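Presented below is the structure to which this report refers.
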Amino acid sequence: MDDLTSRLTLPHYPRSSAYDARWAVENQMGPHALWLLEWLAPALGPDTLRPGARVLDLGCGRAMTSIFLAKEYDVQVTAADLWIKPDENAQRIAEAGVADRVLPVLAEAHDLPFGEGSFDAIVSIDAYQYFGTDDLYLPTLTKLLKPGGRIGVVVPTVREEIEGTEPPEWLTPFWEPAFWCFHSAQWWRRHWTRSGAVEVEVAEWQEEGWRDWLLWSEVCAERSSSEFMARMARQSADMLRVDRGRVLGFARVVGRRL
């Protein structure tokens with residue numbers, strides 16, 4: 001086992017550890033999407049990701065999560081993203097051997113070209129925070145689910161809501177206005193419950209998730225062939241080393257369409 005694989009093989013992510021570590025590093029667009037999806041999947045319940053189920057992977061990036069869903073759960077995935085062209089994802093999907101189960105599409109989160117009740121499940125990894133804080137968004141999105149279908153997301157989050165207009169002083173050097181879309185698990189529970197669109201089944205903080213985020217950021221800072229992604233990873237690592245889980249981490253949220 002080489003050094004990269006060894007560093008990224010974690011016992012609490014056994015499925016993800018079977019995937020090529022270099023492939024994961026080169027296709028990443030932020031936190032380790034496979035780790036986050038592997039944490040989310042059990043919370044969706046055993047009947048949701050059943051073989052043949054139709055799943056919308058919303059904000060799929062370079063389709064790593066879509067490939068993972070198809071390989072691990074034998075589901076039919078629509079891999080929707082705005083920034084990565086479908087042709088690029090189609091090549092990755094074909095190389096992974098799941099072209100028969102994953103369809104890449106170009107789609108903006110507020111203009112999804114799908115009919116009501118098209119999906120058994122919707123998942124979104126490290127993307128939902130950028131559009132899902134809108135009070136009106138979830139009721140529209142969940143129309144794409146069959147009645148009783150589930151939506152599950154993993155988002156960067158804060159342990160507790162930050163009061164006022166400034167972040168904690170130790171995070172000030174790193175803070176960007178976009179980080180205000182990071183909310184607590186309790187905030188997401190209330191936000192989804194108030195929508196009237198879903199019954200919230202899970203809304204919880206990932207204990208020690210910041211440590212995995214830091215490890216991944218350190219590895220990507222060292223090993224990514226993209227200078228832009230390496231620089232972003234260095235910034236994340238610096239921030240997470242200072243914060244040490246006091247504020248930043250991840251939450252998973254699961255809701256069942258009413």
Side-chain angles (χ1 to χ4, degrees), residues 1-42 44 49 55 57-75 77 79-99 101-102 104 123-129 152-156 206 208-241 248-250 252:
M1 182 182 296
D2 63 32
D3 175 64
L4 180 62
T5 301
S6 177
R7 291 175 70 186
L8 296 178
T9 299
L10 301 183
H12 46 296
Y13 301 122
R15 291 178 183 259
S16 301
S17 296
Y19 289 75
D20 182 71
R22 168 55 58 185
W23 178 80
V25 169
E26 291 305 321
N27 289 296
Q28 60 92 17
M29 296 180 69
H32 198 313
L34 299 191
W35 289 352
L36 297 179
L37 178 55
E38 187 166 355
W39 179 54
L40 172 66
L44 289 167
L49 297 179
V55 180
D57 186 2
L58 184 57
C60 68
R62 294 193 171 94
M64 287 200 299
T65 47
S66 301
I67 291 166
F68 185 92
L69 285 165
K71 281 181 168 287
E72 299 300 318
Y73 301 100
D74 195 23
V75 295
V77 187
D81 199 79
L82 178 63
W83 304 115
I84 305 301
K85 295 179 180 179
D87 287 351
E88 296 177 25
N89 276 340
Q91 181 175 346
R92 254 183 301 276
I93 290 163
E95 290 170 352
V98 290
R101 282 169 283 167
V102 182
V123 301
S124 185
I125 304 299
D126 187 30
Y128 192 83
Q129 67 274 13
V153 307
V154 178
V155 291
Q206 185 183 34
E208 303 300 316
W210 71 273
R211 295 184 186 275
D212 297 337
W213 191 359
L214 174 58
L215 169 63
W216 176 245
S217 297
E218 290 174 338
V219 169
C220 290
E222 298 169 11
R223 305 295 290 270
S224 177
S225 63
S226 163
E227 177 51 37
F228 172 78
M229 297 308 299
R231 184 172 68 253
M232 295 295 289
R234 284 193 294 271
Q235 292 172 357
S236 291
D238 289 345
M239 178 176 67
L240 293 164
R241 277 192 290 266
L248 297 171
F250 296 103
R252 62 182 175 185

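Computed from a predicted model, the values in this text were never measured in an experiment. As a basis for the values below, the full set of heavy atoms in this structure was taken, side chains included, without hydrogen atoms, waters or symmetry mates.
Q91 meets the side-chain contact (heavy atoms from CB on, under 4.5 Å) test with E95; sequence neighbours excluded. Qualifying side-chain hydrogen bond (donor to acceptor under 3.5 Å, both in side chains) partners for S217, counting only residues two or more places apart in sequence or in other chains: none. Partners of Y19 under the ring pair (Phe, Tyr, Trp, His ring centres under 6.0 Å) rule, at least two apart in sequence or in another chain, are F68.
Here salt bridge (charged side-chain N to carboxylate O under 4.0 Å, His left out) pairs that include residues 16-25, with residues two or more places apart or in two chains, are R22-E26.
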query: Run the salt bridge (charged side-chain N to carboxylate O under 4.0 Å, His left out) check on R7 and D2 step by step: do they pass?
result: CA-CA 9 Å; R7 291 175 70 186; D2 63 32; over 6 Å; no
- request: Take N89 and R62 through the side chain to side chain donor-acceptor pair (under 3.5 Å) test and state the conclusion after the steps.
  value: CA-CA 6 Å; N89 276 340; R62 294 193 171 94; over 6 Å; no
Intermediate values then yes/no, salt bridge (charged side-chain N to carboxylate O under 4.0 Å, His left out), E38 and R15: CA-CA 7 Å; E38 187 166 355; R15 291 178 183 259; 5.0 Å; no
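Side-chain contact check for H12 versus D212: some heavy-atom pair is nearer than 4.5 Å.
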Using distance only, find each side-chain donor-acceptor pair of residues 228-240 under 3.5 Å and give its atom names and separation, not counting sequence neighbours.
residue: R234; atom: NH2; partner: E227; partner atom: OE2; Å: 2.7
residue: S236; atom: OG; partner: M232; partner atom: O; Å: 3.3
residue: D238; atom: OD1; partner: R241; partner atom: NH2; Å: 2.6

For a quick test of your reading: what N or O donor-acceptor pairs under 3.5 Å do the side chains of residues 79-86 make, sequence neighbours left out?
residue: D81; atom: OD1; partner: C60; partner atom: N; Å: 3.3
residue: D81; atom: OD1; partner: G61; partner atom: N; Å: 2.8
residue: D81; atom: OD2; partner: W83; partner atom: N; Å: 2.9
residue: D81; atom: OD2; partner: I84; partner atom: N; Å: 3.0

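The main-chain N or O of L10 is never found under 3.5 Å from a side-chain atom of W35 such that the two would form a donor-acceptor pair. Proximity of a side-chain donor or acceptor of R252 to a complementary backbone N or O of V154 within less than 3.5 Å is not detected. Proximity of a side-chain donor or acceptor of S66 to a complementary backbone N or O of V77 within less than 3.5 Å is not detected.
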